[in-house]
Amino acid sequence: MTLDLFEDATPPPWRETIAPGAVVLHGFVHEQGAELLAAVQSVVAEVPWRHMTTPGGYTMSVAMSWCGHGWNSDNHGYRYTQRNPRNGHPWPPIPAILMALVEEAAQQAGFARFVPDACLMNRYDVGSKLSLHQDKDEHDFGAPIVSVSLGLPAVFQFGGLQRGDPAQRIPLAHGDVVVWGGPARLRFHGILPIKAGSHSLVGPHRINITLRKAL
Ligand code: MD6
Ligand code: FE
């Protein structure tokens, strides 16, 4: 066996609790990578990747797309949207494979019957990052967020309930799923700049898919 083959071997799924209410299911969707990527591409065909401007006036290094509900930001802040303002149509539905995998992941992490209504997708190129933030624009903090990582590896910063709290650094790889709710729901978190590389399926990118109960 060559070293390459050995490194590509699928790790068995294993679960890591990073805080009360926050679990990493390592390798949980490793086998479904190609199918998930196709689902992402079908959404992106309708909602092309875009670099949003933050309420503070910065252009994000991460490109975004979405389905279920949409996402908008302007100088009034962030909010979910139900229709595409360009044509008045609803946003594309969340692909069935995502709905199924995500309910199973939430269940395994202790959140039964998670039915998301919004899916935000982030595409990171080499050097892209996401600064520390809280996810607090959803109407119901009782529901968890399920986050799927594809492509290049990343370092997830996972802090506390205050911006200045110390942050853990958690490596995330292709196929990892983070489930996060309950007492962890409002913790600050971010992604450090993505290191150069190319993933066999995704190329020089990382794609993160988060499923939420937004409205
Ligand atoms: C990312 N994820 O992994 C960004 N938010 O690219 C998030 O911001 C995030 O992974 C809430 C819950 C889980 C997450
Ligand atoms: Fe977030």
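Both counts, for ligands and for their atoms, begin at 1 and track the order of listing. FYI, side chains are in, hydrogens and waters are out, and symmetry mates aren't considered; it's all heavy atoms of this structure.
Atoms of ligand 1 lying under 4.0 Å from at least one heavy atom of N208, given by number and element, are 1 (C), 2 (N), 3 (O), 4 (C), 6 (O). When each atom of ligand 1 is checked for a heavy atom of R206 under 4.0 Å away, the hits are 1 (C), 3 (O), 6 (O). Close contacts of ligand 1 with Y124, meaning ligand atoms under 4.0 Å from a residue heavy atom, involve 1 (C), 4 (C), 6 (O). Here is the list of ligand 1 atoms found below 4.0 Å of a heavy atom in H133: 8 (O). Applying the 4.0 Å criterion to heavy atoms of H189 picks out, from ligand 1, the atoms 5 (N), 7 (C), 8 (O), 9 (C), 11 (C). Below 4.0 Å from some heavy atom of D135 lie the following atoms of ligand 1, by number and element: 5 (N), 11 (C). Taking every non-hydrogen atom of L130 and a distance limit under 4.0 Å, the qualifying atoms of ligand 1 come out as 4 (C), 8 (O). Interface of S147 with ligand 1, defined as ligand atoms under 4.0 Å from a residue heavy atom, comprises 10 (O), 13 (C), 14 (C).
Aromatic rings of H199 and H205 (six-membered ring for Trp) have centroids beyond the 6.0 Å cut-off, not under it.
Looking at S65, its side chain never comes within 3.5 Å of a backbone N or O of W49 through a donor-acceptor pair.
A pairwise comparison of heavy atoms in Q157 and A167 identifies CB-CB, 4.4 Å as the closest pair.
Proximity of L37 to I207: side-chain heavy atoms (C-beta onward) are separated by under 4.5 Å at one or more points. At least one side-chain heavy atom of W66 sits less than 4.5 Å from a side-chain heavy atom of R50. Side-chain contact check for H69 versus L120: every heavy-atom pair is 4.5 Å or farther apart.
Nearest N/O/S atom of H189 relative to the Fe ion (ligand 2): this is NE2. Nearest N/O/S atom of D135 with respect to the Fe ion (ligand 2) is recorded as OD1.
Contacts of V62 with ligand 1, taken as heavy-atom pairs under 4.0 Å, are absent altogether.
H189 and W180 have perpendicular rings, their planes meeting at more than 60° on a 0 to 90° scale where under 30° would count as parallel. Ring geometry for H30 versus H174: interplanar angle over 60°, hence perpendicular rather than tilted (30 to 60°).
Using a 4.0 Å cutoff on heavy atoms, V178 does not count as a contact of ligand 1.
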